[in-house]
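First comes the structure, then the notes that go with it.
These numbers were taken from a predicted model, which means no experiment stands behind them. Starting from 1, each residue takes its place in the sequence as its number.
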Amino acid sequence: MEEVVLLIVGAGPAGLATAACLSQFSIPYVIVERENCSASLWRNRTYDRLKLHLAREFCELPHMPYPADTPTYIPKNTFIKYVDDYIECFTIHPRYLTVVESSTYDFNGKYWSIMARDMAKCTIVNYRAKFLVVASGENSVENIPVVPGLENFSGVAIHSSCYKSGIDYSGRNVLVIGSGNSGMEITYDLASHGANTSIVIRSPIHVMTKELIRLGMTLVHYLPLKMIDGLLLMMANFVFGDLSRHGITRPENGPLVLKSETGRSAVIDVGTIGLIKNDKIKVHGRITKIKGKIIEFEGGKEASFDAIVFATGYKSTANSWLKNDKDMLNSDGLPKKEFPNHWKGANGLYCAGLGRRGLAGIAMDAKNIANDIKRSRLYVQLN
């Protein structure tokens, strides 16, 4: 049994940011990570052309700005270099290949009892911690929806986490399922590499430019969200026109209100809309059935595909190991409380990076957690 003041589960940006904020107050911690590296989602499960969709001022981790020569919209490899520099700057030493299997709160002893498996040594490690931070991420495992007949699809079906570049799909018929930022950008990448590309758009989405989103996020300090949304929608109409005839409709709420209330982001166009308008990318509705390589859509339309890319997001796995918490997380492993009060549970339990607010939200969570622990009566008693 290893006695620790605080255990952080996860060495992605949320866990690293929390570690850095704790170090500012000299609060001791141990950070464990199931993968063999930090920020594994960014390193291993993202496509080659990825850039951060928000301007760099909204994507900093706490206490370390980007270098002055960093581009406004940061490429994946530049962000990974920033993460590596962050780890070095704050002397963070994650214990890699350490998988938390269970974590329960002992109400008599007033501590968290955590059982983890050291995959490198094939041993069990037990921790006893006064504080526990869930930073394992909302994007822990791939989410692939149930599609009738998918098991009989005779082509290649992958999740977007396995997609790297459209160069491997040139000349092939490819269907992308999912119309968030990843889905729309992968669709563009496929079409740009000569694939015959289609996309399933099942729900209403807002389409914006990166400049419009940057403007909106700047104005939130000065104007109500609904007023900003009205301005953004007017400008988006001017840029994109009426997209409903191309199979793209808008949600009832504006983009910033929608993000605030549900965590759903607007799609930042990288050129996909232009290709849709020029009929170089086809838009389909919901899939009803798969028969071999033939996919049937709502309305009875059918088409043949060689490959499917599921850009359908991820799921949190926190509920698989966090055993007796009833207050902080719901059945999907996400916070029950609404942002910005989602980060604190009971009995020294916290979460970082589960508020669906991106890197800016991660920074807020990490600072809140460190400040709260510093002020807590339990931590004062330990010292």
Side-chain angles (χ1 to χ4, degrees), residues 13-14 17 51-62 65-66 72-74 137-139 178-185 201-244 248-270 272-273 313-314 316 328-330 332 334-344 350-369 371-372:
K51 291 184 179 181
L52 299 191
H53 293 116
L54 300 180
R56 74 180 196 182
E57 63 262 32
F58 305 113
C59 299
E60 285 185 352
L61 297 180
Y66 288 101
T72 302
Y73 296 93
I74 302 171
E138 59 193 31
N139 299 326
S179 54
N181 278 299
S182 293
M184 294 290 261
E185 188 161 0
I201 299 182
R202 298 170 293 175
S203 305
I205 56 173
H206 285 293
V207 180
M208 296 278 145
T209 66
K210 58 187 179 183
E211 292 82 10
L212 286 177
I213 290 298
R214 188 182 190 187
L215 172 64
M217 293 183 70
T218 302
L219 290 177
V220 296
H221 302 290
Y222 310 102
L223 296 172
L225 292 186
K226 287 188 177 181
M227 184 180 295
I228 302 170
D229 276 345
L231 176 63
L232 294 181
L233 291 173
M234 181 178 66
M235 297 174 76
N237 277 336
F238 178 77
V239 174
F240 298 110
D242 182 11
L243 297 178
S244 60
I248 301 173
T249 59
R250 284 179 175 160
E252 290 185 8
N253 287 331
L256 296 187
V257 169
L258 188 70
K259 179 69 175 177
S260 174
E261 293 183 351
T262 70
R264 286 176 54 197
S265 298
V267 170
I268 299 176
D269 182 49
V270 295
T272 315
I273 298 302
Y314 297 82
S316 166
M328 192 172 71
L329 302 182
N330 62 24
D332 294 322
L334 297 174
K336 288 182 178 180
K337 296 178 184 177
E338 293 185 1
F339 180 89
N341 302 310
H342 61 285
W343 53 273
K344 184 177 180 179
Y350 302 90
C351 68
L354 295 181
R356 295 181 291 183
R357 292 301 187 279
L359 292 165
I362 281 173
M364 291 176 62
D365 290 349
K367 291 176 183 178
N368 284 334
I369 291 168
N371 286 327
D372 192 70

Non-hydrogen side-chain atoms of [X] and [Y] separated by less than 4.5 Å:
X    : Y    : answer
L359 : L52  : yes
V207 : I205 : yes
V267 : T272 : no
R214 : T72  : yes
V257 : K226 : yes
R202 : S179 : no
P255 : L233 : yes
L231 : L219 : yes

[atom1]-[atom2] distance between [X] and [Y], expressed to the nearest 0.5 angstrom:
X    : Y    : atom1 : atom2 : value
K337 : C351 : NZ    : SG    : 9.5 Å
Y350 : M328 : OH    : CE    : 10.5 Å
I74  : L54  : CD1   : CG    : 10.0 Å
L334 : H342 : CG    : NE2   : 10.5 Å
I213 : K210 : CD1   : NZ    : 13.0 Å

query = Mind checking what makes ring pair (Phe, Tyr, Trp, His ring centres under 6.0 Å) contact with Y314, not counting sequence neighbours?
reply =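 Ring pair (Phe, Tyr, Trp, His ring centres under 6.0 Å) check on Y314 returns H159.
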
query = How would you list, by chain and number, every residue that makes a ring pair (Phe, Tyr, Trp, His ring centres under 6.0 Å) with H53, sequence neighbours excluded?
reply =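 H53 satisfies ring pair (Phe, Tyr, Trp, His ring centres under 6.0 Å) with no other residue.
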
Residues that [X] engages under salt bridge (Lys or Arg N to Asp or Glu O under 4.0 Å), provided they are two or more places apart:
X    : value
R250 : none
E211 : none
K344 : D372

So, does [X] use its side chain to make a donor-acceptor pair with the main chain of [Y] at under 3.5 Å?
X    : Y    : value
S260 : L256 : no
Y66  : C59  : yes
N181 : A266 : yes
D229 : L232 : no
E138 : R356 : yes

message = Around atom CD of E57, are there more than 12 heavy atoms from other residues, nucleotides or ligands closer than 6.0 Å?
response =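 Enclosed.
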
With sequence neighbours left out, write down each residue that passes side chain to side chain contact (heavy atoms under 4.5 Å, CB included) with [X], or none if nothing qualifies.
X    : value
A363 : P62
T262 : L258, R264
M364 : F339

How far apart are the closest heavy atoms of [X] and [Y], and which atoms are they?
X    : Y    : value
I268 : T209 : CG2-C, 3.9 Å
A17  : I362 : CB-CG2, 3.9 Å
S265 : K259 : OG-NZ, 2.8 Å
T249 : S244 : CG2-CB, 4.4 Å
D332 : S316 : O-CB, 3.6 Å
M208 : A236 : CE-CB, 3.8 Å

Results of side-chain hydrogen bond (donor to acceptor under 3.5 Å, both in side chains) for [X] - residues two or more places apart only:
X    : result
E261 : N253
R357 : none
S182 : none
R56  : none

message = Under the criterion side-chain contact (heavy atoms from CB on, under 4.5 Å), I'd like the reasoning laid out for I273 against V239: C-alpha separation, chi angles, the key distance, then a yes or no.
response = CA-CA 11 Å; I273 298 302; V239 174; over 6 Å; no

